[in-house]
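Here the structure is a predicted model, which means the values were calculated and not measured. Quick note: numbers below take in every heavy atom, side chains included, and nothing from hydrogens, waters or symmetry partners.
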Protein chains: 2
Amino acid sequence: MQPGGTNRQVDRGRRVGVDKTDIKQAGLKVTLPRVKILEILEASGKGEGPRHLRAEDVYRRLLERGEEIGLATVYRVLTQFVEAGLVCRHNFEGGQSVFELDRGAHHDHLVCMKCGQVVEFMDEAIESRQEAIAAEHGFTLEDHTLVIHGFCPSCQAPG
Amino acid sequence: MQPGGTNRQVDRGRRVGVDKTDIKQAGLKVTLPRVKILEILEASGKGEGPRHLRAEDVYRRLLERGEEIGLATVYRVLTQFVEAGLVCRHNFEGGQSVFELDRGAHHDHLVCMKCGQVVEFMDEAIESRQEAIAAEHGFTLEDHTLVIHGFCPSCQAPG
DNA sequence: CAAAAAGATGCAAAAGCTTCCCATTTTATT
DNA sequence: AATAAAATGGGAAGCTTTTGCATCTTTTTG
């Protein structure tokens, strides 16, 4: 549910950070696993590795921090966060989902086919054409997925 | 590898049909499983159900036609056909891949979130913006995935 | 056209990701 | 503090997809 939706950040504009309050407002109890997972997501993309993490990555980082949180819990919590609009889930190729904190601003992705680097972008022209296309076909537009696959500057280098 | 590529139909323009010749030209032996799978794909979207089939769907249709072809073979053959440029694979949400005959014309998809109906579309404006975006970020554009999720006309109906 | 070589198939087992079950523990409520 | 409600952890289970390997087909060669 990228465009539209009924969650906080969409109503109040850009989100700057998330905390326990967001968990509570989502109707979820404030538990240690939830707080820690939110911390991991918040740290990602801010110098602490890539912004987009697979459930497995979140799980590993928790272990590294000494938090013994079960993988099943990670999956459950991430799903709940997505439903609450705190987190975005993307299904890139390969059958795995990646998660990132929802900063309130919709964006699409450019993914390097070699190193996996992910670059975000947003293009108004593309966004509005999509609305027009959905309308032309009588569809409502609830969400969309746009991923451009190519080779990033480094991976095009000779050698 | 939707845009570009080195396969027949891209070189010769729109494909009208496929046959054993295509299998041979792909460097694959002309075997019964391959021929039958190609037939299933060709029949799809031409009145015979939806054009986009999961491996499991192809397998089931083969069984219905009395062909005892293993599921593993279906997966193997579909993958080979994709590599040969005869078939396109799309990774819609849900972790499952769907396949369709490559008719040589690139297109994107509109998928109904309720009934799963798939509508194809093609928009030049979106295509060219994507090239511009990839270029802006120094990426080469090898391929892309654009899926618009919404509710089709029937699924928006009251009740 | 038969024999040999190369490649494909089928089945079952294995993988990889994600969800489900349920007894136990934690959080929120009264 | 006691009670009710919800969440967790660990493993089993579910799905889709891939792999290993003996057997069978297709293609090549003589």
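Here B:Glu68 lies in heavy-atom contact (under 4.0 Å) with sugar-phosphate atoms only. At a threshold of 4.0 angstrom between heavy atoms, the contacts of B:Leu28 are confined to the sugar-phosphate backbone, with no base atom among them.
Annotation: the terminal axes of the helix from C:dC1-D:dG30 to C:dT30-D:dA1 meet at 30°, where each axis is the rotation carrying the C1' atoms of four end pairs onto the next four (5 pairs per end, rounded to 10°).
Comparing B:Lys24 and B:Thr79 by the nucleotide of DNA chain D whose heavy atom lies nearest to each, the residue mapping closer to the 5' end is B:Thr79.
As rounded to whole Å, 14 Å separates atom P of D:dT8 from atom NZ of A:Lys36. Atoms CG (A:Leu32) and P (D:dT8) sit 9 Å apart, rounded to a whole Å. For B:Glu83 and D:dT18, the CD to P distance is 10 Å, given to the nearest whole Å. Counting to the nearest Å, the C1' atom of D:dT23 and the CD1 atom of B:Ile69 are 17 Å from each other. One can place CD of B:Glu56 at 9 Å from P of D:dT17, the figure rounded to the nearest angstrom. Taking atom CD of residue A:Gln96 and atom C1' of nucleotide D:dT18, one finds them 15 Å apart after rounding to whole Å. For the pair B:Gln80 CD and D:dT19 P, the interatomic distance rounds to 12 Å; values are reported in whole Å. For A:Leu78 and D:dT8, the CG to P distance is 11 Å, given to the nearest whole Å.
In the model, A:Gln130 has no side-chain atom that pairs as donor or acceptor with a side-chain atom of A:Ser128 under 3.5 Å.
Ion pairing between B:Glu56 and B:Arg60 holds under the 4.0 Å rule for side-chain N and carboxylate O. Taking 4.0 Å as the cut-off between side-chain N and carboxylate O, A:Glu83 and A:Arg89 do not count as a salt-bridged pair. Using a 4.0 Å cut-off between a side-chain N of Lys or Arg and a carboxylate O of Asp or Glu, B:Lys46 and B:Glu100 do not qualify as a salt bridge.
Taking a heavy-atom distance under 4.0 Å as the criterion, the stretch of DNA chain C touched by chain A extends 5' to 3' from C:dC17 to C:dA28.
The side chain of B:Arg76 approaches D:dT19 more closely than any other nucleotide in the set D:dT8, D:dT19, D:dT17. Closest to the A:Thr31 side chain, of the nucleotides D:dT17, D:dT8, D:dG9, is D:dT8. In the set D:dT17, D:dA5, D:dT8, D:dT8 carries the atom at the smallest distance from any side-chain atom of A:Pro33.
Between A:His106 and A:His144, the angle of the ring planes goes over 60°, which puts this pair in the perpendicular group of the 30/60° scheme. Using bins of under 30°, 30° to 60° and over 60° for the plane-to-plane angle, the ring pair B:His109/B:His52 lands in the perpendicular bin.
Every pair passing salt bridge (Lys or Arg N to Asp or Glu O under 4.0 Å) that includes a residue from residues 26-37 of chain B is listed here, sequence neighbours excluded: B:Lys36-B:Glu39, B:Lys36-B:Glu67.
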### Query
How far apart are the C-alpha atoms of B:Phe92 and B:Val98, what are their side-chain angles, what is the distance that settles it, and do they pass the side chain to side chain contact (heavy atoms under 4.5 Å, CB included) test?
CA-CA 7 Å; B:Phe92 291 166; B:Val98 293; 3.8 Å; yes
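Proximity of A:Met122 to A:Glu124: side-chain heavy atoms (C-beta onward) are separated by under 4.5 Å at one or more points.
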